[in-house]
Amino acid sequence: MVRPYLPLNALRAFEASARHLSFTRAAIELHVTQAAVSHQVKGLETRLNVVLFKRLPRGLMITAEGEALLPVLRDSFDRMADMLERFENGHVREVVMVGAVGTFAVGWLLPRLPAFREKYPHVDLRLSTNNNRVDLAAEGLDYAIRFGRGAWQGIDAVPLFEAPLSVLCVPAIADELRRPADLTNQTLLRSYRSDEWTSWFAAAGIAEPSSLLRGIVFDSSLAMMEAALQGAGVALAPPMMFARHLAMGAVRQPFEIYTSMGSYWLTRVQSRSPTPAMEAFAEWIGTVA
């Protein structure tokens, strides 16, 4: 069927009638008469040479032919409506889908989002969080902000900044820590990256305690820090991501000893061509990071 001759009014009448299973309710939605809707649907049936509804005394019953047509029309009208809603004040609103490590999202990105919205008011950022395990293509993401060394196959990675780790704990525990060796008497909270504490103790110049092999292992720094905030033990986390907790006095950093396990990276699938919204986000985060 040639596009200029698509019977749009008839298709709208059918789609509304199929949703409501009523010509009357469809007419109310479309702001036309019930007779007009019935006429449009009848004309579409004649054009397609099929019966789309069985007319019943108390409404309509959609036929198999109507069931086949309805999902395509519903999706098409929804997509058109979504596109039209993106136009605002002479501009089209664009969307950028970003996945981020939970620690980065809460500790760094969220406080800065008002500045992004102010600079790019016509870009809608849709943010999801993860524990550093992400599949950009499968999850439909434009970008993923992840932590590591920057080597991911088929991925374009731009470094943002390092976030070195240090000891963080509640004040009551911090008061018991005079020197790094005092940590051997504490519960050491661990992330799924098993070499973090080993690296920190090496930076502190002391032997790794045997107790390091015991305790809870967390799949995210956010969960680990929540345990630390509840006094369950000592966490090893990036202080810059928990600056708010440090400023409030909820946690303390007893030692100025750090270890670096990698950096935060802005990543995208190499085959993914950047959209204007993606370019805006990459430019912004590259400027403020």
Side-chain angles (χ1 to χ4, degrees), residues 82-83 85-166 168 191 193 196 220-222 225 236-248 251 253 256 258-289:
D82 180 66
M83 185 67 238
E85 287 176 359
R86 288 169 56 189
F87 283 86
E88 182 179 294
N89 297 326
H91 297 273
V92 60
R93 299 194 64 84
E94 296 186 80
V95 175
V96 59
M97 308 284 289
V98 178
V101 181
T103 309
F104 183 96
V106 174
W108 191 93
L109 186 57
L110 291 182
R112 291 167 174 80
L113 284 184
F116 175 77
R117 290 183 59 83
E118 182 177 353
K119 187 171 183 179
Y120 299 102
H122 301 294
V123 176
D124 289 333
L125 175 64
R126 297 183 183 174
L127 179 65
S128 63
T129 59
N130 57 69
N131 62 354
N132 213 39
R133 294 177 174 89
V134 62
D135 185 332
L136 283 102
E139 297 177 34
L141 296 174
D142 296 313
Y143 286 116
I145 299 168
R146 62 181 88 186
F147 185 83
R149 302 293 184 184
W152 294 281
Q153 186 174 5
I155 297 296
D156 179 64
V158 177
L160 297 176
F161 50 78
E162 284 191 77
L165 311 179
S166 192
L168 299 177
S191 80
R193 290 184 289 267
E196 291 178 342
S220 75
S221 294
L222 283 180
M225 276 303 300
L236 192 62
M240 68 179 298
M241 294 298 161
F242 298 95
R244 181 169 55 91
H245 298 83
L246 287 163
M248 292 167 46
V251 295
Q253 181 185 349
E256 289 293 325
Y258 297 87
T259 184
S260 180
M261 305 301 295
S263 301
Y264 285 105
W265 299 77
L266 181 66
T267 68
R268 68 175 176 87
V269 177
Q270 289 176 345
S271 59
R272 176 79 165 96
S273 298
T275 65
M278 290 174 64
E279 291 173 345
F281 182 78
E283 177 187 3
W284 172 79
I285 201 169
T287 301
V288 298

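Note that the structure is predicted; figures quoted are calculated from it, not measured.
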Exercise. What's the spacing between Phe147 CZ and Ser263 OG if we round to 0.5 Å?
Worked result: 6.5 Å
Seminar exercise, completed: For Ala157 and Thr267 the tightest heavy-atom approach is CB-CG2, 3.9 Å
Problem set entry | Met248 CE to Phe242 CZ distance, which is reported to the nearest 0.5 Å | 13.0 Å
For this session: Identify, with sequence neighbours excluded, every residue that meets side-chain contact (heavy atoms from CB on, under 4.5 Å) alongside Thr259.
Result: Leu165, Ser199, Trp200, Met261
Seminar exercise, completed: Rounded to the nearest 0.5 angstrom, the CE-CE distance for Met225 and Met241 is 13.0 Å
For this session: Output the distance between atom OG (Ser271) and atom CD1 (Ile155), rounded to the nearest 0.5 Å.
Result: 8.5 Å
For this session: Report the residues that fulfil salt bridge (charged side-chain N to carboxylate O under 4.0 Å, His left out) with Arg117, sequence neighbours left out, ordered by chain and then residue number.
Result: none
For this session: May I ask you to decide if Pro114's main-chain N or O and Glu118's side chain share a donor-acceptor pair within less than 3.5 Å?
Result: no
Exercise. Which pair of heavy atoms, one from Gln253 and one from Leu246, lies closest together, and at what distance?
Worked result: N-CD2, 3.9 Å
For this session: Please name the pair of heavy atoms, one in Pro159 and one in Trp265, separated by the smallest distance, quoted to 0.1 Å.
Result: N-CE3, 3.3 Å
Quick one: side chains of residues 282-289, donor-acceptor pairs under 3.5 Å with protein atoms, not counting sequence neighbours, listed by atom name and distance.
from, atom 1, to, atom 2, distance (Å)
Glu283, OE1, Tyr120, OH, 3.2
Thr287, OG1, Glu283, O, 2.8

For this session: Check Pro274 against Glu279 and note the closest heavy-atom contact, atom names and distance.
Result: CB-CG, 3.8 Å
For this session: Can you see which heavy atom on Val123 is nearest to which on Ala277, and at what distance?
Result: CG1-CB, 4.0 Å
Residues 96-109, side-chain donor-acceptor partners within the protein, below 3.5 Å, at least two apart:
none

Exercise. Which heavy-atom pair separates Ser191 from Glu196 by the least distance, and what is that distance?
Worked result: OG-OE1, 2.9 Å
Exercise. Which residue pairs satisfy the salt bridge (charged side-chain N to carboxylate O under 4.0 Å, His left out) criterion with at least one member in residues 147-157, sequence neighbours excluded?
Worked result: Asp156-Arg268
Seminar exercise, completed: CZ (Arg193) and CG (Asn132) are apart, to the nearest 0.5 Å, by 6.0 Å
Exercise. Has the side chain of Tyr264 got a donor or acceptor atom that lies under 3.5 Å from a matching backbone atom of Ile145?
Worked result: no
For this session: Using a cut-off of 6.0 Å, state whether more than 12 heavy atoms not belonging to Arg112 lie near its atom CZ.
Result: yes
For this session: List for me each residue that meets salt bridge (charged side-chain N to carboxylate O under 4.0 Å, His left out) alongside Glu94, sequence neighbours excluded, and say none if there are none.
Result: none
